[in-house]
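Written below as structure tokens is the structure these notes are about.
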Amino acid sequence: QKIINTAGTSNAEVPLADPGMYQLDITLRRGQSLAARDRGGTSDPYVKFKIGGKEVFRSKIIHKNLNPVWEEKACILVDHLREPLYIKVFDYDFGLQDDFMGSAFLDLTQLELNRPTDVTLTLKDPHYPDHDLGIILLSVILTPKEGESRDVFQTQSLRLSDLHRKSHLWRGIVSITLIEGRDLKAMDSNG
């Protein structure tokens, strides 16, 4: 196994305009020395993975722990490697907005294909770049899926979402454009 950090470079030669599909298997292992966001000097951390602005995975919440151990697996299908994987950590607050605990990103073009890689990511807050927010440890493996059609992937990811629906809160955005109304009933005294 090879240890990499986002700052490092790699000899993995991945063309940026690669049209193939990839499977990214991630094990979210643990966090170390995370930031305290609650009054009691602790946090209830959970992790979101995002690619291209879309949330692709959300971990369980580990209550009152700044060195949480998740050991959760996620299988993500990626259709190109240009978008990095963003890792965002939040402190869960019941009924309130969750507090941001830091973020990092993994450049997928830096990964060597078909090879398990241990990754250590240093969490940062863009607004407070000098704050020490701890680290997140992952294991990742990126596998090319050239030969298969996209339809196969859609059914696979649907099946995956069925599996995860019970254990994860899924959020989506539906855009609705209201065009017009016709023959509505008059409800005001002036008709």
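- The two residues Trp70 and Gly31 have their closest heavy-atom pair at CZ3-N, 3.7 Å.
- Considering OG of Ser33 and CG of Leu66, their distance stands at 8.0 Å, rounded to 0.5 Å.
- Asp44 CG to His63 NE2: the interatomic distance, rounded to the nearest 0.5 Å, is 5.5 Å.
- The backbone N or O of Asn67 lies less than 3.5 Å from no partner atom in the side chain of Arg30, so there is not a single donor-acceptor pair.
- Side chains of Glu72 and Phe57 form a contact here, defined as non-hydrogen atoms less than 4.5 Å apart.
- The two residues Asp79 and Met21 make their nearest non-hydrogen contact at CB-SD, 3.4 Å.
- With rounding to the nearest 0.5 angstrom, the OG1 atom of Thr143 is 11.0 Å from the OH atom of Tyr22.
- The shortest heavy-atom contact between Glu83 and Leu108 is O-CD1, 3.7 Å.
- Annotation: side chain of Asp93 is in contact with side chain of Asp38 (closest heavy-atom distance under 4.5 Å).
- For the atom pair CG of Leu111 and CG of Leu106, the computed distance is 5.0 Å after rounding to the nearest 0.5 Å.
- Sorted by first and then second residue, the salt bridge (Lys or Arg N to Asp or Glu O under 4.0 Å) pairs with a member in residues 180-191 read Glu180-Arg182; sequence neighbours excluded.
- With a 6.0 Å radius and a threshold of 12 heavy atoms from other residues, nucleotides or ligands, Glu71 has its CD atom above the threshold.
- Inter-residue side-chain proximity for Tyr86 and Phe49 is flagged as unmet; no heavy-atom pair is nearer than 4.5 Å.
- Note that CZ of Phe105 and CG of Leu85 are 10.5 Å apart. Values are rounded to the nearest 0.5 Å.
- Distance check, rounded to the nearest 0.5 Å: CD1 of Ile136 to CD of Gln32 gives 9.5 Å.
- The shortest side-chain heavy-atom distance between Ile87 and Val47 falls under the 4.5 Å cut-off.
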